[in-house]
There are 2 protein chains.
Amino acid sequence: MSLNADGVARRRRGKELENALLDAAWAELTERGYDEFAIDRVATRAGTSRAVLYRRWPSKQDLVRAAVEHNTGEGPATAPDTGSLRGDVVALLRQTNERRQALVTVLMTRLDGFYRASGTTLADLAEAGSGDSVMREVLDRAIERGEVEPGQVSDRIAQLPVHLFRYEALMTLQPVPDPVIEEIVDTIFLPLVYGNR
Amino acid sequence: MSLNADGVARRRRGKELENALLDAAWAELTERGYDEFAIDRVATRAGTSRAVLYRRWPSKQDLVRAAVEHNTGEGPATAPDTGSLRGDVVALLRQTNERRQALVTVLMTRLDGFYRASGTTLADLAEAGSGDSVMREVLDRAIERGEVEPGQVSDRIAQLPVHLFRYEALMTLQPVPDPVIEEIVDTIFLPLVYGNR
DNA sequence: GCATTAAGAGACATTGCGTTTCTTACTGTC
DNA sequence: GACAGTAAGAAACGCAATGTCTCTTAATGC
């Protein structure tokens with residue numbers, strides 16, 4: 001139960017309460033990680049009881065997933081437009097760092113039971129998050145600028161920067177340093193794109 | 001307590017017991033995954049009590065890590081020798097499938113608390129397992145055969161097949177299909193190796 | 001046989017997840 | 001304002017798993 005401006009006990013309802021719950025969950029995830037994430041602590045932090053959480057989300061994993069989406073899922077990342085393919089891809093990966101994708105990638109690996117039950121894979125959600133469509137957009141722009149021919153870049157090569165970024169994030173559990181981003185783009189992605197010319 | 005050949009109650013000791021414990025742990029991991037892995041069930045399976053396990057490993061995560069190493073860590077994979085660089089790399093990745101690296105990769109992501117505490121990263125253990133040295137060996141052979149020049153392949157490119165393999169395994173939670181292995185080698189790794197010539 | 005050590009069993013405490021019941025605040029309608 | 005319906009919040013419950021402790025006794029070496 002939270003207090004209003006007059007310090008009088010007051011109950012939140014509906015969307016306001018749900019936002020408070022998801023924000024509390026996110027705070028717990030970012031401060032303690034998944035291992036120490038506990039429903040009880042989320043409830044306490046949000047000033048409510050566990051039953052309130054379970055009325056909305058059937059399990060802990062559902063709550064975690066909802067918290068991730070609520071706090072990072074304002075749609076896919078926007079495609080940067082720096083004037084060059086290299087610039088765009090580097091900027092996209094840097095942007096991905098800023099959106100805490102290292103943490104998100106780790107959290108996603110924790111939800112495999114959830115995905116097993118729903119018949120999807122991590123790859124499905126990963127791609128819905130910040131992957132395919134944005135890289136495609138970046139490449140479309142490069143095509144318009146004449147940097148790349150249409151159909152020149154396979155799907156796998158197109159997604160390679162993001163995949164390697166995620167792998168790196170997962171393996172180190174840290175944001176990916178700029179030099180690594182640049183190495184991925186300059187020594188792997190671009191040679192593959194232009195090697196096909 | 002296990003039975004000897006005469007069906008007489010008998011206690012195992014030392015290495016014999018430890019192997020039985022690690023084998024039981026591994027069996028539980030492979031049959032149920034990490035989410036349903038429980039110390040109690042390992043103990044029951046090994047015909048012992050939980051206190052016995054805790055005398056050896058301070059926590060559940062330590063036991064999991066030891067089980068992984070015990071069952072997959074008979075040193076790094078051997079470097080295949082098929083007569084060509086492509087053949088070697090494809091064979092290595094297939095071999096990695098057979099050694100259940102999909103499961104191992106997933107398990108490793110579950111132990112991040114462990115790594116945080118010990119100051120290492122997943123990358124450290126991943127590389128100790130089946131990575132760097134084997135790919136280096138494969139490339140050394142390619143150099144001897146004259147397929148590649150010394151110093152032609154950067155570390156990052158050298159490890160790329162294994163990194164992409166692991167990413168794929170993690171994202172799908174399945175063994176990596178042959179066509180994907182071949183795509184990684186044929187459309188990404190080899191063009192990067194030979195594009196530098 | 002004796003001393004030492006560790007295996008195995010059983011009991012205990014704590015924590016976290018998930019569930020249920022009850023009270024009551026809140027909203028909308030009459 | 002009264003009333004009905006709904007959901008918020010609190011408290012209690014049950015269960016499972018982790019980790020711990022104590023005790024008995026098998027096993028080993030001298």
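Residue numbering restarts at 1 for every chain, and letters A, B, ... go by the order of the sequence lines. If you're wondering where the values come from, they're calculated on a predicted model, not measured in any experiment.
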query: Do the side-chain N or O atoms of A:T48 get closer than 4.0 angstrom to the phosphate oxygens (OP1, OP2) of D:dG9?
result: yes
message: So, does A:R12 get its side chain near the phosphate of D:dG9, meaning an N or O under 4.0 Å from OP1 or OP2?
response: yes
For nucleotides 3-5 of chain C, list the nitrogen or oxygen atoms of the protein found under 3.5 Å from its nitrogen or oxygen atoms, one pair per line.
from: C:dT5; atom 1: O2; to: B:R13; atom 2: NH2; distance (Å): 3.0

In whole angstroms, how far is the [atom2] atom of [N] from the [atom1] atom of [X]?
| X | N | atom1 | atom2 | value |
| --- | --- | --- | --- | --- |
| B:L53 | C:dA9 | CG | P | 12 Å |
| A:E18 | D:dG9 | CD | P | 13 Å |
| B:E16 | D:dT28 | CD | C1' | 14 Å |
| B:L17 | C:dA6 | CG | P | 12 Å |
| B:E36 | C:dC17 | CD | P | 17 Å |
| A:R11 | D:dG5 | CZ | P | 18 Å |
| A:W57 | C:dC17 | CH2 | C1' | 16 Å |

query: If the sugar-phosphate is the primed atoms plus P, OP1 and OP2 and the base is the rest, what is the B/S/- string for nucleotides 17-22 of chain D, using protein heavy atoms under 4.0 Å?
result: -BBBB-
If I take atom [atom1] from residue [X] and atom [atom2] from residue [Y], how far apart are they, to the nearest 0.5 angstrom?
| X | Y | atom1 | atom2 | value |
| --- | --- | --- | --- | --- |
| A:D140 | A:E137 | CG | CD | 7.5 Å |
| B:T44 | B:R50 | OG1 | CZ | 8.5 Å |
| B:M171 | B:L164 | CE | CG | 12.0 Å |
| A:I188 | B:H163 | CD1 | NE2 | 9.5 Å |
| A:K60 | A:F37 | NZ | CZ | 7.0 Å |
| A:L21 | A:R12 | CG | CZ | 7.0 Å |

Quick one: does [X]'s side chain have a donor or acceptor within less than 3.5 Å of a partner on [Y]'s backbone?
| X | Y | answer |
| --- | --- | --- |
| A:N71 | A:W26 | no |
| A:N97 | A:P175 | no |
| B:D88 | B:T82 | yes |

